[in-house]
Amino acid sequence: MTSTAKKDPWELPDVSALTVGVLGGTGDQGRGLAYRLAKAGQRVVIGSRAAERARAAAEELGHGVTGTDNAGCAAGSDIVIVAVPWAGHAATLEALREPLAGKLVVDCVNPLGFDKKGAYALKPEEGSAAEQAAALLPDSRVTAAFHHLSAVLLQDPRIEKIDTDVMVLGEVRADCEIVQALAGRVPGMRGVFAGRLRNAHQVESLVANLISVNRRYTAHAGVRLTDV
């Protein structure tokens with residue numbers, strides 16, 4: 001007899017044995033994510049265009065983080081977080097299509113412009129950075145997450161908890177659950193499924209609003225979802 005019991009949406013897989021690669025791991029956001037995940041016990045590799053730069057950054061981060069070039073980072077990881085600047089997003093992914101094949105890719109890039117009025121959202125031709133990644137990486141499993149995290153808070157060793165929710169988007173629920181579980185490894189952080197990749201644009205765009213909040217209130221605002 002087939003069971004009709006619904007799966008608990010908060011029942012997530014064990015990801016503790018997976019290796020996480022961070023492309024752009026020498027930038028502020030990438031370093032912060034690498035630091036928090038490694039501190040939580042995850043095996044982390046950071047990638048850079050220059051392997052020596054990645055190795056130097058990894059040594060500074062400690063907690064067992066290692067560094068190599070972007071191709072080596074992609075090839076040697078189970079999950080790869082894309083944390084490169086928007087200006088280099090497409091070129092970086094195009095160059096890494098082969099080593100990223102078959103990998104679970106987590107895009108956290110926010111396409112933004114800046115002028116005298118402040119930050120504003122850009123809309124890529126594909127609809128979002130995550131959808132651009134999916135188009136460029138047809139043999140990868142692309143998700144979107146980690147958009148609304150403060151690099152300042154992530155890198156501050158005095159802060160024990162990162163009290164924020166991480167909205168996770170993707171086409172395959174099982175892949176999203178892996179990313180949710182990865183977010184949940186960081187104390188205070190919670191991964192929440194937030195829809196398919198077609199909804200990634202508004203999630204990426206919200207960062208422009210958070211930048212305005214941070215400037216007005218001298219803060220490092222994040223996102224909490226209520227009643228979930």
Side-chain angles (χ1 to χ4, degrees), residues 13 15 18-27 29-34 37 42-51 54 66-112 121-149 166-183 191 193-207:
V15 297
L18 300 180
T19 298
V20 178
V22 183
L23 301 178
T26 58
Q29 196 76 2
R31 284 173 66 100
L33 284 167
L37 290 170
Q42 207 73 37
R43 188 182 302 114
V44 177
V45 182
I46 61 175
S48 175
R49 287 177 296 177
T66 59
T68 185
D69 62 18
N70 282 332
C73 174
S77 303
D78 301 301
I79 305 173
V80 180
I81 298 174
V82 182
V84 300
W86 168 241
H89 184 259
T92 299
L93 296 184
E94 283 176 337
L96 297 174
R97 181 175 297 173
E98 185 174 336
L100 287 173
K103 307 286 183 177
L104 175 54
V105 175
V106 187
D107 200 297
C108 69
V109 176
N110 302 303
L112 297 175
L122 303 175
K123 188 162 187 178
E125 181 180 348
E126 297 85 355
S128 64
E131 288 170 293
Q132 183 183 86
L136 293 171
L137 304 172
D139 298 319
S140 302
R141 297 141 51 207
V142 176
T143 60
F146 301 115
H147 299 92
H148 307 138
L149 306 180
V166 172
M167 287 191 274
V168 181
L169 303 97
E171 299 304 311
V172 179
R173 188 66 58 85
D175 289 339
C176 292
E177 289 177 352
I178 290 172
V179 181
Q180 288 176 255
L182 186 64
F193 176 71
R196 294 180 178 270
L197 288 185
R198 68 181 183 180
N199 294 320
H201 171 65
Q202 55 263 39
V203 174
E204 296 169 1
S205 300
L206 182 59
V207 175

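It should be emphasised that the depicted structure is a prediction, and the values quoted were computed from it without experimental measurement.
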Would you list the atom pairs, donor with acceptor, under 3.5 Å between side chains in residues 82-92 and any protein atom, with sequence neighbours excluded?
{"from": "His89", "atom 1": "ND1", "to": "Gln132", "atom 2": "OE1", "distance (Å)": "2.6"}
{"from": "His89", "atom 1": "NE2", "to": "Asp107", "atom 2": "OD2", "distance (Å)": "2.5"}
{"from": "Thr92", "atom 1": "OG1", "to": "Gly88", "atom 2": "O", "distance (Å)": "2.7"}

Could you tell me which non-hydrogen atom of Ala74 sits nearest to which non-hydrogen atom of Leu100, and how far apart they are? CB-CD2, 3.6 Å
Between Thr143 and Gly170 (side chain of the first, backbone of the second, donor and acceptor by atom type, cut-off under 3.5 Å), is there such a pair? no
Do Lys103 side-chain atoms and Ser77 backbone N/O form a donor-acceptor pair below 3.5 Å? yes
State, to 0.1 Å, how close Leu197 and Ala134 come at their nearest heavy-atom pair, and which atoms those are. CD1-CB, 4.0 Å
I'd like to know if the side chain of Gln42 and the backbone of Val20 have a donor-acceptor N/O pair within less than 3.5 Å. no
Heavy-atom side-chain proximity of Leu18 to Ile178 below 4.5 angstrom: yes
Which pairs count as salt bridge (Lys or Arg N to Asp or Glu O under 4.0 Å) when at least one residue sits in residues 129-143, sequence neighbours excluded? Arg141-Asp175
For the student: nearest non-hydrogen atoms of Thr68 and Ala54, plus distance: O-CB, 3.2 Å
Could you check whether any side-chain N or O of Glu204 sits under 3.5 Å from a backbone N or O of Ala144, counting only pairs where one atom can act as donor and the other as acceptor? no
Is a donor on one side and an acceptor on the other found under 3.5 Å between the side chain of Glu94 and the backbone of Leu136? no
Note, Ile46 side chain near Arg31 side chain (heavy atom, < 4.5 Å): no
Smallest heavy-atom separation, Val44 atom then Ala34 atom, equals CG1-CB, 3.8 Å
Look at the side chain of Asp69 and the backbone N and O of Arg49, then say whether any donor-acceptor pair between them is shorter than 3.5 Å. no
For Arg173, look at atom CZ and say whether over 12 heavy atoms of other residues, nucleotides or ligands are found less than 6.0 Å away. no
Can you tell me how far the OG atom of Ser128 sits from the CG atom of Leu169, to the nearest 0.5 Å? 8.5 Å
Rounding to 0.5 Å, atoms CG (Asn110) and OG (Ser205) come to a distance of 8.5 Å
Between the side chain of Glu126 and the main-chain N/O of Ala133, is any donor-acceptor distance below 3.5 Å? no
To check you understand the geometry: which heavy-atom pair defines the closest contact between Ala145 and Val166, and what is its length? CB-CG1, 3.9 Å
About how many Å separate CD1 of Ile81 and SG of Cys108, when rounded to the nearest 0.5 Å? 6.5 Å
Straight-line distance of His147 NE2 to Met167 CE, nearest 0.5 Å: 9.0 Å
Measuring from atom CG of Leu182 to atom CG of Leu37, what distance do you get when rounded to the nearest 0.5 angstrom? 5.0 Å
Counting only N and O atoms by type, is there a donor-acceptor contact under 3.5 Å from the side chain of His201 to the main-chain atoms of Pro124? no
